[in-house]
Amino acid sequence: MTMQLEIGTNRLSIHGVDAFDLANTLTCGQAFRWWRVGNAYHGVVKGSLLVAEWRDESLHVEDHSVTKLCPDDFVGLVFDYFGLSDDHAQRERSLCKRDRIVAEAIRYAPGIRILRQDPWECLISFIISARNYIPSIMSTIVRLCERFGERVSSDEYEELFGTRRYAFPSASALSDGSVESIESCGASYRAKYIYGMAQLVTTGGADLDLISKQPYEEARESLMSLYGVGPKIAECVLLYSMGRYEAFPIDTWISRVMRFLYLGNPRASVREMHEFARQRFEDLAGFAQQYLFHWARTAKGAYLRTLEQNSR
DNA sequence: ATCCAGGCCATAA
DNA sequence: TTATGGCCTGGA
């Protein structure tokens with residue numbers, strides 16, 4: 001199937017996108033800056049305010065930013081962010097052949113893509129996500145953006161939807177704040193990590209662009225050397241913002257799936273889980289993780305919790 | 001109401 | 001190298 005583009009004024013329609021579920025892709029826990037409004041999703045992506053909707057078998061995206069992108073940049077942003085040039089159907093087929101549990105997860109909810117997010121926003125967002133609910137994560141990020149970010153919504157958008165949107169704050173904007181001001185946005189004990197990170201990145205003590213070019217293991221170590229960043233967050237950054245699809249972030253849900261459905265060992269170590277995932281899923285581990293994560297939380301949530309209870 | 005969450009750090013063995 | 005407690009507080 002070939003894609004067809006239709007480009008209008010600050011709007012774009014893409015027909016013939018295969019293996020793409022917009023709703024699940026935006027709400028499956030990889031990004032925290034999308035809101036459902038009617039049948040559409042409103043989100044801030046790298047300083048642009050986008051309104052995305054899946055309608056008539058096509059993806060429609062509008063640019064509602066104050067400063068709108070030129071058509072080329074707009075198309076580029078959308079293709080890059082959603083990974084539209086990738087043959088995702090082929091990935092799904094390949095994963096289905098490799099593993100029958102992942103095959104079930106894909107059958108349950110196909111078309112989940114890995115978004116290509118901004119590394120800085122991704123890093124801070126997943127620091128905030130530690131021991132936190134998704135709604136809390138989102139509201140903390142909103143408050144950070146309101147306090148430290150720049151306005152991104154156009155006059156027309158604000159009039160139409162009655163709300164103002166802000167871009168994710170830069171490192172230097174956050175470093176101009178303080179631990180206390182970040183804490184009061186709801187970041188809690190994570191505020192010191194965030195403020196420290198903002199200072200480090202602003203002064204050049206950490207270079208995410210450089211890290212993104214390092215070999216996988218080296219990049220992972222570089223990220224984990226940052227105060228407040230452990231294996232889970234490092235791998236989320238690698239997967240969701242650096243296109244490292246071999247990454248396999250292990251949170252409590254993936255841990256349950258691995259311990260009870262794959263390894264049959266309630267006390268399996270994170271190391272064992274990583275080893276297994278690397279051998280089984282190889283270069284597509286990140287996609288396997290995303291499908292398993294969504295399936296575990298929604299379709300298998302109660303079941304996995306029961307297994308966990310019974311193993312105690 | 002309580003109760004605990006999509007980890008990380010420090011400390012201890 | 002692996003195990004444990006503490007962090008803190010907005011939501012369910």
Side-chain angles (χ1 to χ4, degrees), chain A residues 24-35 105 109 112 114-115 117 121-144 146-147 179-197 200 206 220-241 247-261 263 265-275 277 285-305 308-309 311-312:
Chain A
N24 278 335
T25 295
L26 297 179
T27 60
C28 69
Q30 57 177 319
F32 304 103
R33 304 226 57 211
W34 286 93
W35 302 272
I112 296 179
I114 303 282
L115 298 168
Q117 302 180 58
E121 174 174 342
C122 191
L123 175 60
I124 298 304
S125 297
F126 280 95
I127 288 175
I128 292 169
S129 81
R131 284 190 65 88
N132 214 342
Y133 287 97
I134 290 179
S136 301
I137 300 166
M138 293 180 72
S139 60
T140 296
I141 293 173
V142 164
R143 287 195 284 269
L144 276 178
E146 284 171 352
R147 185 164 310 187
V179 175
E180 292 72 27
S181 60
I182 293 170
E183 199 175 352
S184 69
C185 291
S188 181
Y189 63 90
R190 310 163 193 90
K192 58 182 180 290
Y193 304 142
I194 296 169
Y195 186 66
M197 205 68 69
L200 199 63
R220 185 174 183 274
E221 291 305 314
S222 298
L223 288 166
M224 284 179 60
S225 73
L226 304 171
Y227 185 55
V229 180
K232 161 65 164 62
I233 295 174
E235 288 180 51
C236 283
V237 172
L238 285 162
L239 180 58
Y240 301 132
S241 75
F248 192 78
I250 298 176
D251 54 70
T252 57
W253 286 104
I254 290 298
S255 173
R256 285 177 187 134
V257 169
M258 296 308 280
R259 284 179 290 140
F260 298 111
L261 304 185
L263 303 173
N265 173 11
R267 301 196 302 160
S269 67
V270 170
R271 186 182 177 77
E272 287 174 77
M273 299 182 210
H274 269 133
E275 187 64 20
F287 291 97
Q289 182 269 166
Q290 204 60 38
Y291 285 109
L292 288 171
F293 176 71
H294 179 69
W295 175 73
R297 289 180 65 212
T298 54
K300 294 288 166 181
Y303 174 62
L304 286 168
R305 281 183 197 279
E308 190 165 52
Q309 290 301 318
S311 72
R312 293 186 191 285

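Below, read A as the first sequence line, B as the second, and so on, with proteins coming before strands; counting in each chain starts at 1.
- Atom CZ in A:R220 sits roughly 15 Å away from atom P in B:dG7 (whole-Å rounding).
- Residues A:V229 and A:R305 both approach DNA chain B. Their nearest nucleotides, taken by heavy-atom distance, put A:R305 toward the 5′ side.
- Whole-Å rounding puts the A:W295 CH2 to B:dG6 C1' distance at 17 Å.
- Annotation: of the two residues near DNA chain B, A:T252 and A:L226, the 5′-most nearest-nucleotide partner is A:T252.
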Between protein and nucleotides 4-12 of chain C, what N or O pairs are separated by less than 3.5 Å?
from, atom 1, to, atom 2, distance (Å)
C:dG11, OP1, A:S139, OG, 2.7

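- In the model, A:R33 has no side-chain atom that pairs as donor or acceptor with a side-chain atom of A:S125 under 3.5 Å.
- No contact: A:I250 has no heavy atom under 4.0 Å from any strand.
- For A:Q30, the side-chain hydrogen bond (donor to acceptor under 3.5 Å, both in side chains) criterion is met by no residue, not counting sequence neighbours.
- One interatomic measurement links the two molecules: CZ of A:F293 to P of B:dA5, which rounds to 13 Å at whole-angstrom precision.
- By the 6.0 Å and 45° rule, A:K300 stacks over the aromatic ring of A:Y303.
- Put simply, the side chain of A:F293 reaches to within 4.5 Å of the side chain of A:D251, judged on heavy atoms.
- Counting only Watson-Crick and G-U wobble pairs whose two key distances fall under 3.5 Å, DNA chain C forms stems of three or more stacked pairs at B:2-5 with C:9-12, B:7-13 with C:1-7.
- For the pair A:R256 CZ and B:dA5 C1', the computed distance is 10 Å after rounding to whole Å.
- Protein atom CE of A:M273 is 13 Å distant from nucleotide atom C1' of C:dT2, rounded to whole Å.
- Heavy atoms of A:P249 sit nowhere under 4.0 angstrom from any nucleic acid atom.
- The residue A:I254 sits apart from the nucleic acid: no heavy atom pair falls under 4.0 Å.
- Annotation: B:dT11 and C:dC8 have their P atoms spaced 15 Å apart (nearest Å).
- What you find for A:P249 and A:I254 is that their closest heavy atoms are O-CG1, 3.9 Å.
- Contact annotation: the side chain of A:C185 never approaches that of A:E146 to less than 4.5 Å [non-hydrogen atoms, C-beta and beyond].
- Distance, A:Y291 OH to B:dG6 C1': 19 Å, rounded to whole Å.
- Under 3.5 Å, the side chains of A:E235 and A:H274 contain a donor-acceptor pair of N or O atoms.
- Within 4.0 Å (heavy atoms only), A:Y227 reaches sugar-phosphate atoms of the nucleic acid but no base atom.
- In this structure, the CD atom of A:E308 is 12 Å from the P atom of B:dC4, given to the nearest Å.
- Using a 3.5 Å distance cut-off with no hydrogens or angles, the side chains of A:Q290 and A:Y240 do pair a donor with an acceptor.
- A:C185 comes within 4.0 angstrom of nothing in the nucleic acid, heavy atoms only.
- Between the CZ atom of A:R256 and the CZ atom of A:R297 there is a distance of 10.5 Å, given to the nearest 0.5 Å.
- In this structure, A:I127 places its CD1 atom 14 Å from P of B:dG7, rounding to the nearest Å.
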Are A:F32 and A:F126 close enough, and set up right, to give a ring-ring contact (aromatic ring centres under 6.0 Å, His included), and what steps lead you there? CA-CA 9 Å; A:F32 304 103; A:F126 280 95; 5.2 Å; yes
